[in-house]
Structure formats: structure tokens, C-alpha cells
Amino acid sequence: VLYSYTAEQNPEWSQAFARQPEIWAYMQDVARRHQLEDHFRFNHEITEARWSVEDQRWTIETAGDTITADVLISAVGALTEPSIPELPGLDRFTGTIFHSARWNHEHELEGRSVAVVGTGASAIQFVPEIQPEVARLHLFQRTPPWILPRENPRIPSRWRERFARHPRLLGLARASVFSLLETFHIGFRHPAVMRVAERRARAHIAKQVSDPELRAKLTPDYRLGCKRILGSNTWYPALCAENVDVISTGIREVRERSVIDADGVEHEVDTIIFGTGFQVTDMPFGHRVRGRDGQTLAESWAGSMKAHLGIGVAGFPNLFMLLGPNTGLGHNSVLLMIEAQVAYVRQLLRHRDAQAVAALEPTPAAQAAYVAEVDRLTQGSVWTAGGCLSWYVDATGRNSTLWPGSVRAYQRRLAKFDAADYTAELPRRAPEPALA
């Protein structure tokens with residue numbers, strides 16, 4: 001229910017955690033009913049976007065054409081660009097290689113000897129699916145994740161009918177789930193609280209993994225929540241299967257038809273699947289956007305993403321981000337964060353129109369104050385004091401990805417636009433005549 005837009009509730013979800021085709025169908029239906037497809041330009045990868053100081057507009061170069069715009073909103077998402085490790089010898093592998101986010105549906109896995117690199121949220125989903133059909137699965141694990149049991153009950157048709165007849169009942173169910181998940185952020189801010197959940201996770205391992213050697217490999221040595229918390233009832237049974245090897249020593253090199261682990265053991269494979277996540281703290285989009293002084297976002301950030309309210313960046317007029325720095329979540333649905341950001345940007349744009357200004361950008365002082373507050377709230381949290389390295393933390397050691405508070409707290413921050421936090425730039429050119 002939290003994967004539904006607040007204003008577009010769906011009473012027809014078949015399970016508590018609906019599968020991808022069902023969520024995808026819901027999104028397509030929303031887009032179709034609101035005729036959003038009329039506004040889409042498909043196959044238009046942005047190669048560069050640059051702010052023109054003279055024209056006070058963005059020039060956006062795409063693979064198809066050039067577009068100009070008064071305002072540029074980045075909604076590229078955080079988990080979009082696959083991250084593939086630079087393994088020695090990978091370029092000489094003669095088999096099939098792909099990342100789970102770019103799944104090769106033409107490649108049949110039945111009877112194959114497959115190497116899976118990574119044990120995060122992606123692998124949690126696909127390994128139990130492919131394990132029964134492959135001949136051999138070699139799972140290369142750098143750090144074991146914390147896994148909590150996850151039930152996924154089907155929603156009876158009678159309840160779906162009630163939700164359809166009584167939208168307020170569906171809203172109440174959604175609010176209840178939201179409120180329950182909101183309480184979890186307390187554990188992220190106060191790592192000692194996570195010991196309670198860790199006991200449940202250890203019991204889950206003990207129940208599903210009988211081999212003590214394998215159990216030791218799969219038991220984390222850091223505080224729960226330091227890395228993304230995962231839920232699955234099928235992960236451990238898949239790893240206990242006779243056709244699965246869990247290798248936790250690392251990878252030394254890749255050869256033409258094999259992967260060599262750090263102990264020098266050769267594992268013959270014909271397929272390599274990377275479940276190694278995404279480029280989060282160094283997003284490619286940041287290298288393609290140039291602001292007022294010609295610097296890219298990446299150059300401005302210098303290794304650590306920063307933005308006022310996670311939305312605007314000083315030096316980049318009329319550029320606003322959805323799911324920008326420090327707006328990801330570890331405890332609830334980011335859809336709620338996006339909706340708060342969209343509402344805020346609408347306020348900002350209305351202010352821009354009402355005041356007849358050409359551009360708005362956060363003042364350096366407002367941005368610095370907000371980033372300092374986020375850093376203060378992050379101190380002592382499970383992400384920085386939990387004893388692990390994760391994609392939440394960038395190369396400088398900052399948590400530049402996650403919001404350290406509750407969703408409600410973020411919604412309150414964005415409820416009202418404060419013009420004092422922004423520099424307004426008056427038009428240098430006459431406004432274009434309105435279309436008849």
C-alpha cells in the first residue's frame with residue numbers, strides 16, 4: 001500500500017508485498033488515466049544540461065535533440081545506474097555477463113554454472129528464483145546482510161472488495177502500515193535499540209541454517225541497520241541447497257571460463273550475474289549538469305552530495321531534485337518523500353511566478369545550515385557507528401544518501417516554502433509572449 005500514490009490508492013493489491021508485474025501495471029494505469037504519456041519523450045538520454053547565465057535558461061542536450069527550459073527537475077532516482085566492480089580479468093571472460101538491473105532475458109540459466117557476485121537487496125530477490133534451475137550456483141559474498149523473516153500474505157478477495165467500496169478503510173490500513181514503519185527510524189538514530197531486532201534475525205538464521213560453518217559465514221558482525229535491512233523467508237533455504245556454494249573470501253581474478261577466489265580456488269562458470277547495487281554517491285547525472293560557473297554538480301560536490309532540503313543546490317539556478325542528497329530512507333517508503341518534494345517544488349514555482357523572478361537557488365548559508373543539521377542528526381547513528389561500510393556513506397565518510405529522521409519530520413520541513421532561503425534573480429530578457 002505504501003508503493004501507491006497517496007491520491008491514487010489501489011484496492012486490488014493481491015499481496016502485502018506485490019510483485020514487480022503488479023506494481024508496473026499499477027504505474028502504467030495511473031499514467032494512462034492521467035494522460036501522462038502525452039508528455040513523455042522516450043529514448044532521450046540526457047548527455048549534458050547547462051545553465052546559461054545570459055539567457056537564464058537550461059540548455060539540455062539529449063541523444064535525440066536539444067531542449068531549452070526555464071526549470072530543470074531531476075527525477076532520475078537513486079538506484080538506477082548499475083555499479084559493476086572492476087575485477088581483474090573480467091574483460092577476458094568468454095561467457096555471459098550481466099547486472100541484475102539489466103537482466104538478460106534471452107540467456108537461459110537452466111543447467112548453467114552461475115557465479116553471483118553480491119549478497120544485497122538485489123541478490124536476495126533473484127537468487128532464490130534461479131537456484132532451482134541452475135546446475136551450480138557460486139555465490140560470492142563480501143559482507144553478509146542482516147535478514148529478517150518476511151511473511152507475504154495474500155489479501156483475500158473479500159478484503160479487496162471492501163477496500164474498493166470503502167476508500168477510507170484502505171486509507172486507514174495504509175496509515176497503520178505507515179505509522180508502524182515510522183517507529184523503526186528510532187533504531188537507526190539509536191543503534192543499541194537494534195539489538196532487539198538482531199535477536200530476531202539470529203533466530204531466523206538458526207532456524208533456517210543447520211550447518212554451523214555456513215551459519216557462521218552468513219552471520220553479520222556489525223549492527224543491524226548499518227547496511228540495508230532485508231526481509232526474506234527464501235534466502236537461507238536457497239543457500240542451503242546442495243547446488244550452492246557460498247564463497248566469502250573475495251575474488252582474486254576472472255579467467256576465460258572461471259572465477260578465482262582469494263584463496264586461489266578456481267570456480268568454473270559460464271555466467272556471471274552482478275547483484276552489486278548502484279552508483280548512488282557518485283551518480284552519473286551529477287557529471288552531466290553544469291551550473292552558473294560551468295562546474296558540474298559532481299565537481300561542486302567534491303565527493304559528497306549536498307543540497308538544501310535535498311532539493312536545491314547553490315550555484316545551480318532553477319535546478320530541483322527529487323530524491324536528492326539525504327532523502328533516501330531505511331525504514332519507510334521513499335514515495336512519501338517524493339510526494340513531499342513535489343508539493344514543495346510546486347510552492348517554489350508558484351512563488352517564482354508570483355514574484356516574476358527568472359531564477360531561484362538556495363543561498364549558500366541556507367544550504368550549509370541544513371547540511372550541518374543533517375550531519376548533526378547523523379552523528380552516532382547506526383550508519384556511521386554501526387561498524388560496517390555501506391553505500392549509504394560516501395568516499396568522504398559522510399552519510400550523503402539517507403534522511404536521518406522520520407518521514408513526518410521531513411514532511412513538516414517541506415510544508416511551507418521559505419523565500420528567505422533562496423536568492424532570487426530578476427529577468428534579463430523580456431518574457432516570451434503567451435501562446436494564443
Side-chain angles (χ1 to χ4, degrees), residues 38-77 80-81 282-325 327 341-371 400 414 417-436:
D38 297 341
H39 303 280
F40 294 160
R41 298 193 189 192
F42 295 104
N43 301 313
H44 275 63
E45 179 183 2
I46 292 179
T47 56
E48 184 183 53
R50 58 186 181 273
W51 174 258
S52 170
V53 174
E54 181 179 347
D55 296 333
Q56 296 176 302
R57 290 170 67 86
W58 284 97
T59 299
I60 303 153
E61 303 291 345
T62 80
D65 54 17
T66 300
I67 303 167
T68 61
D70 292 323
V71 174
L72 176 60
I73 298 176
S74 165
V76 299
T80 55
E81 295 291 336
D282 186 26
M283 62 175 73
F285 182 77
H287 296 271
R288 303 183 186 188
V289 180
R290 295 187 178 275
R292 181 188 304 281
D293 60 2
Q295 267 196 333
T296 65
L297 265 176
E299 290 168 341
S300 172
W301 283 333
S304 190
M305 303 182 299
K306 299 174 183 178
H308 179 55
L309 302 176
I311 294 175
V313 180
F316 292 80
N318 286 359
L319 171 68
F320 310 111
M321 293 179 286
L322 308 182
L323 283 191
T327 59
Q341 291 161 355
V342 169
Y344 180 87
V345 172
R346 288 178 67 184
Q347 290 187 67
L348 185 153
L349 295 180
R350 287 185 183 126
H351 174 84
R352 174 181 173 271
D353 290 344
Q355 299 299 315
V357 299
L360 289 170
E361 65 179 280
T363 66
Q367 178 173 311
Y370 177 78
V371 171
S400 56
L414 269 61
F417 171 73
D418 188 350
D421 290 342
Y422 290 81
T423 298
E425 186 177 318
L426 296 176
R428 296 179 183 173
R429 54 184 170 83
E432 295 178 359
L435 296 176

Which distance, rounded to the nearest 0.5 Å, do you find between the [atom1] of [X] and the [atom2] of [Y]?
{"X": "Asp282", "Y": "Glu81", "atom1": "CG", "atom2": "CD", "answer": "11.0 Å"}
{"X": "Glu48", "Y": "Thr66", "atom1": "CD", "atom2": "OG1", "answer": "10.0 Å"}
{"X": "Leu360", "Y": "Thr423", "atom1": "CG", "atom2": "OG1", "answer": "8.5 Å"}
{"X": "Arg57", "Y": "Trp51", "atom1": "CZ", "atom2": "CH2", "answer": "9.0 Å"}
{"X": "Leu72", "Y": "Met321", "atom1": "CG", "atom2": "CE", "answer": "10.0 Å"}
{"X": "Asp55", "Y": "Thr68", "atom1": "CG", "atom2": "OG1", "answer": "8.5 Å"}

Looking only at heavy atoms, which two atoms of [X] and [Y] are closest? And how far apart?
{"X": "Pro325", "Y": "Trp301", "answer": "CG-CZ2, 4.1 Å"}
{"X": "Ile46", "Y": "Arg288", "answer": "O-NH1, 2.7 Å"}
{"X": "Ala359", "Y": "Asn318", "answer": "CA-OD1, 3.2 Å"}
{"X": "Ile60", "Y": "Ala69", "answer": "CD1-CB, 4.2 Å"}
{"X": "Ser400", "Y": "Ser304", "answer": "CB-OG, 4.2 Å"}
{"X": "Val289", "Y": "Phe316", "answer": "O-CE2, 3.8 Å"}

Using atom types as modelled and distance alone, determine if a side-chain donor or acceptor of Arg428 lies under 3.5 Å from a backbone N or O of Val53.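 A pair under 3.5 Å: yes.
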* Okay, side chain of Arg290, backbone of Ala49: is any donor-acceptor separation there less than 3.5 Å? -> no
Test side-chain contact (heavy atoms from CB on, under 4.5 Å), reference Ile311, set Leu414, Ile73, Leu348, Leu322, output is Leu414
### Message
For Leu349, run the side-chain contact (heavy atoms from CB on, under 4.5 Å) check against Tyr344, Phe417, Phe320 and tell me which one passes.
### Response
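Of all the options given, the one that passes is Phe320.
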Sub-4.5 Å side-chain heavy-atom contact between [X] and [Y]:
{"X": "Pro317", "Y": "Arg292", "value": "yes"}
{"X": "Glu361", "Y": "Leu319", "value": "no"}
{"X": "Thr62", "Y": "Arg41", "value": "no"}

Is any NZ, NE, NH1 or NH2 atom of the basic residue among Arg50 and Glu61 found under 4.0 Å from an Asp or Glu carboxylate oxygen of the other?
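Yes, this pair counts.
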(Q) Could you check whether atom CG of Asn43 has more than 12 heavy atoms from other residues, nucleotides or ligands sitting under 6.0 Å from it? (A) no
